[in-house]
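As structure tokens, the structure follows; a few thoughts come after it.
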Amino acid sequence: MSDVLVITPTYNERDNLPAIVGRIRAAVPAAHILVVDDNSPDGTGLIADRLAADHGNVHVLHREGKQGLGAAYAAGFRWGLDRGFGLLVEIDADGSHPPERLPALLRAAEHADLVIGSRWVPGGRVANWPRRRELLSRLANRYVRLALRLPVADATGGFRVYRAAALTEILLGGVESRGYCFQVDLTLRAVRRGFTVAEVPITFVDRTAGASKMSSGVLFEALWRVTLWAFRSTSPRPPRLPRFRGLCATPGRAAAASPRSARFRPLP
């Protein structure tokens with residue numbers, strides 16, 4: 001899997017970065033890891049540099065300052081696409097996304113253009129979340145599905161695998177949204193361009209170190225952007241999402257390329 005690039009943006013994640021890099025390397029030893037650091041005041045960038053010096057498959061992209069999660073991923077995507085990686089992975093540095101599920105997501109990517117590690121498909125769940133936050137996430141995803149007519153259970157989920165060819169087209173014209181809304185934006189683009197989207201169940205575990213980057217401003221941006229996209233939408237209703245045990249898919253371009261791509265096997 002040397003053509004896999006795992007991208008993890010960081011801002012003040014010094015207590016979490018060594019552990020998440022170690023877990024990723026254990027789960028997918030051949031994958032490359034790119035740490036995109038936004039000039040963290042706590043020295044996360046220096047820790048990333050030390051990890052890169054110790055491990056040949058760890059790389060660091062230093063940015064001038066905090067510019068938002070979407071901008072960090074966009075920079076990481078450009079870095080990976082310029083170097084010819086075939087599969088590009090999003091994962092949080094705080095340990096909330098389980099790297100141990102990466103092999104399952106990568107297997108699903110054999111027949112899908114975008115794979116989402118999903119909290120809200122059968123088999124998916126959250127751990128250590130306050131009830132209020134879980135309810136907010138469920139309602140937000142329901143609103144996204146209804147407003148944008150997206151056949152995806154966890155459009156806001158940030159644990160993902162993109163095939164390079166699909167990602168290149170999805171990113172055409174640039175992406176303006178940040179944070180929470182960035183994931184919805186790319187999901188919407190993927191579905192409307194006819195790409196295959198699969199969801200694999202994961203257990204999302206709330207961070208145990210460091211501070212969450214979620215803010216009222218990010219939530220407000222997500223709300224008004226989704227509402228704006230809904231009003232602007234003139235596309236026909238996408239097909240309903242076929243459901244499988246633990247895996248869901250939306251038939252698209254990958255289905256045309258492979259007759260098996262719309263018939264996923266259940267994943268453990």
Side-chain angles (χ1 to χ4, degrees), residues 4-21 23-24 31-52 57-83 85 87-97 99 102 105 114-117 154-164 166-168 170-190 204 207 209-222 225:
V4 175
L5 178 66
V6 182
I7 303 168
T8 182
T10 56
Y11 187 78
N12 289 347
E13 295 288 359
R14 63 173 299 155
D15 294 331
N16 292 311
L17 184 61
I20 196 66
V21 167
R23 290 171 65 190
I24 293 169
H32 288 257
I33 302 167
L34 175 65
V35 180
V36 183
D37 185 66
D38 278 5
N39 196 20
S40 299
D42 72 346
T44 301
L46 294 175
I47 294 173
D49 287 336
R50 294 191 197 113
L51 290 168
N57 63 338
V58 178
H59 317 276
V60 186
L61 177 60
H62 292 282
R63 304 204 309 151
E64 292 184 357
K66 188 177 181 182
Q67 302 170 44
L69 184 68
Y73 271 127
F77 289 154
R78 288 192 297 270
W79 191 96
L81 292 171
D82 287 347
R83 287 158 179 78
F85 286 96
L87 295 169
L88 295 95
V89 179
E90 296 182 16
I91 191 170
D92 285 353
D94 62 8
S96 56
H97 299 145
L102 257 177
L105 269 68
L114 164 60
V115 180
I116 301 173
D154 198 352
T156 64
F159 188 19
R160 299 171 170 230
V161 179
Y162 291 91
R163 298 192 71 83
L167 184 60
T168 299
I170 290 168
L171 294 176
L172 286 178
V175 180
E176 296 180 0
S177 45
R178 305 178 292 114
Y180 207 62
C181 200
F182 176 77
Q183 311 298 358
V184 179
D185 192 351
L186 267 60
T187 305
L188 181 63
R189 291 170 182 232
F204 182 101
R207 67 162 62 233
S212 173
K213 310 305 185 296
M214 183 64 66
S215 68
S216 58
V218 171
L219 288 173
F220 178 76
E221 182 215 14
R225 281 192 183 274

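These values consider heavy atoms only, across backbone and side chains, with no hydrogens, waters or symmetry-generated copies. What you are looking at is a predicted structure, and each value in this text was computed from that prediction instead of being measured.
Under the 30°/60° scheme for interplanar angles, the aromatic rings of H97 and F204 are found to stand perpendicular. Ring geometry for F77 versus F182: interplanar angle under 30°, hence parallel rather than tilted (30 to 60°).
By the side chain to side chain contact (heavy atoms under 4.5 Å, CB included) test, N39 is found to be paired with no residue, residues two or more places apart in sequence or in another chain being considered. Under the side chain to side chain donor-acceptor pair (under 3.5 Å) criterion, Y73 pairs with no residue, sequence neighbours left out. Partners of A74 by side chain to side chain contact (heavy atoms under 4.5 Å, CB included), not counting sequence neighbours, listed by chain and number: R78.
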Next on the checklist: Quick one, V36 with W79, criterion side-chain contact (heavy atoms from CB on, under 4.5 Å). Give me CA distance, side-chain angles, the key distance, then yes/no.
Outcome noted: CA-CA 10 Å; V36 183; W79 191 96; over 6 Å; no
Checklist entry - Between I7 and E90, does a side-chain contact (heavy atoms from CB on, under 4.5 Å) hold up when you go through it step by step? => result CA-CA 5 Å; I7 303 168; E90 296 182 16; 5.9 Å; no
Next on the checklist: Between I33 and H59, does the side-chain contact (heavy atoms from CB on, under 4.5 Å) criterion hold? Intermediate values first, please.
Outcome noted: CA-CA 6 Å; I33 302 167; H59 317 276; 6.0 Å; no
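Across all their heavy atoms, G68 and D38 have their closest contact at N-OD2, 4.1 Å. For the residue pair G76 and L5, the shortest heavy atom distance occurs at O-CD2, 4.3 Å. Considering all non-hydrogen atoms of both residues, L69 and Q183 come closest at CD2-NE2, 4.2 Å. Contact between P99 and I91 at its shortest, heavy atoms only, is CG-CD1, 4.0 Å. In plain terms, the two heavy atoms of A164 and L81 that are nearest each other are CB-CD2, 3.7 Å. The two residues A190 and L114 have their closest heavy-atom pair at CB-CD2, 4.1 Å.
With contacts defined as side-chain heavy-atom distances shorter than 4.5 Å, the pair V115/R160 does not qualify. For the pair L51/V35, no side-chain contact is recorded, criterion being any heavy-atom separation below 4.5 Å from C-beta on.
At distances below 3.5 Å, not a single donor-acceptor pair connects side-chain atoms of D94 with backbone N or O atoms of E13. Judged by distance alone, the side chain of D42 and the main-chain N or O of T44 form a donor-acceptor pair under 3.5 Å. The backbone N or O of I170 lies less than 3.5 Å from a partner atom in the side chain of R189, making a donor-acceptor pair. In terms of modelled atom types and a separation under 3.5 Å, the side chain of N16 and the main chain of A93 share no donor-acceptor contact.
Distance check, rounded to the nearest 0.5 Å: CG of L186 to CG of L167 gives 7.0 Å.
Applying the side-chain contact (heavy atoms from CB on, under 4.5 Å) test between V89 and each of T8, L34, V6 identifies V6 as the sole match.
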